[in-house]
Amino acid sequence: MNTLTPTRTRLIASAKSWIEGEAVRQLYATAQFDDMRQAVGFPDLHPGKGGPVGAAFVTAGRLYPHLIGGDIGCGMALFQTNLVRRDAKLDRWATLYFHLEHPWDEDIGNYLAACGLASTAFDTDLGTIGGGNHFAEIQAVETVHNATAFRQTGLGKDQLVMLVHSGSRGLGESILRAHVSVHRGEGVAAESPAGVEYLREHDYALRWAQANRALIAQRFAHRLGAEAGLLWDGCHNSLTPREHDGETMWVHRKGAVASEAPYLMIPGSRGTLSYLVQPTGDGASHAWSLAHGAGRKWTRSASRQRMRERFRVSELAQTPLGGRVICEARDLLYEEAPAAYKNIETVIQDLVDAGLVSVIATFRPLLTYKTRIDRR
DNA sequence: ATGTCC
């Protein structure tokens, strides 16, 4: 029940963005939670477990950790490399073993300490990508749409970048599990002992996830004889305070990226372009958030079935844009096929039409690393 | 999403 003010619910999507009815139903159901001030769905909205994915929810003091989900701090990070386009030896790169699914073989304790992070039971997960939609990818500049804004990133048109999508691995999951075992999905006050404790652990998971993305990029780059330097890191699963009109608002993001950055990357799939955009919205009307990607169109099980019928494994190891895919887990190769995702061009167009972004440049995926291990 | 369910 909403006892304060009516929730403002907004779905930022045109008729061209296909959104499942179940996702919209989840958006409106979540908007009814106690203390909910604002619910915003983005064009990549799709059904999720605790609530819809591709949405941001704003409360004035109540926290709903289950809306964030288990992968607390999950997000994208963009790195510049000292590689240029002619360095991209895709045939050779596609044969390399990057070992990003195995623990890092150097001193993780030192790395954590340098990041100001304490040791946990999940230390050996640091620097590993994980499964699902996570990846590490080398990309090249495709088209510059705004030369001035592009120049401000410091990137050269020939320079290769690295995009890393990963989160807090087992750590975040353990934090959510501990919270939900006591409070289920009822929510807790931000000032309550449970709220303070969750936020403390959540903030740790956010910093751990950022350190994880940085280490993944470093490992990926080193195998290519290169260096990676951070340009932008953006969480799309998080719960953060935001002062607004003299009040502290609590922004719950589930598959929605924080918009308050000079620029950020909205990737399509590994088979489509990624979009580097400049946020242009007012902040408050879109919960200080943006779409985090193309969004899933098919469920994982539907993707496995459809892709198995239509394609051979070898066909999926190369994308329509000529990118190489290292994914030796066959089910994952099917589940994350470009066809399983919505049209990123429509997602971006809807954000542009809503006045929320302008496109700086597009990027073409050259090498997408998932895993060399099939755990089935 | 998940050292991937007991």
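The analysis underlying the following values was restricted to heavy atoms, covering all of them including side chains, and did not include hydrogens, waters or symmetry mates. Model, not experiment: these values are computed from the prediction. So you know, we letter chains A, B, ... as the sequences are listed, proteins then strands, and number each from 1.
Protein atom CG of A:Leu126 is 13 Å distant from nucleotide atom P of B:dG3, rounded to whole Å. Separating the CG atom of A:Leu171 from the P atom of B:dG3 is a distance of 10 Å, rounded to the nearest angstrom. Distance A:Asp123 CG to B:dG3 P: 13 Å, rounded to the nearest Å. Distance CH2 (A:Trp208) to C1' (B:dG3): 11 Å, rounded to an integer number of Å. Rounding to whole angstrom units, CZ of residue A:Arg169 and C1' of B:dT2 are separated by 8 Å. In this structure, A:Asp125 places its CG atom 5 Å from P of B:dG3, rounding to the nearest Å. If you take CG of A:Asn237 and P of B:dT2, they are 11 Å apart, rounded to a whole angstrom. Between A:Lys49 atom NZ and B:dC5 atom P the separation is 10 Å, expressed in whole Å.
As judged by a 4.0 angstrom heavy-atom cut-off over every strand, A:Arg300 is placed among residues touching the sugar-phosphate backbone only. Counting non-hydrogen atoms under 4.0 angstrom, A:Gly69 reaches nothing in the nucleic acid. When heavy atoms are screened at a 4.0 angstrom cut-off, A:Gly167 is found touching no nucleic acid atom at all. Counting any heavy atom pair closer than 4.0 Å across all strands shown, A:Gly172 reaches no nucleic acid atom. Backbone-only contact: A:Gly170 has heavy atoms under 4.0 Å from sugar-phosphate atoms and none from a base.
No hydrogens or angles considered: nothing links the side chains of A:Thr128 and A:Asp125 as a donor-acceptor pair under 3.5 Å.
Across A:Ala217 and A:Val164, no two heavy atoms sit closer than the pair CB-CG2, 4.1 Å.
Of the candidates A:Glu335, A:Glu336, A:Glu20, A:Arg296 forms a salt bridge (charged side-chain N to carboxylate O under 4.0 Å, His left out) with just one, namely A:Glu336.
Here the CD-OG distance, from A:Gln278 to A:Ser259, works out to 12.5 Å after rounding to the nearest 0.5 Å.
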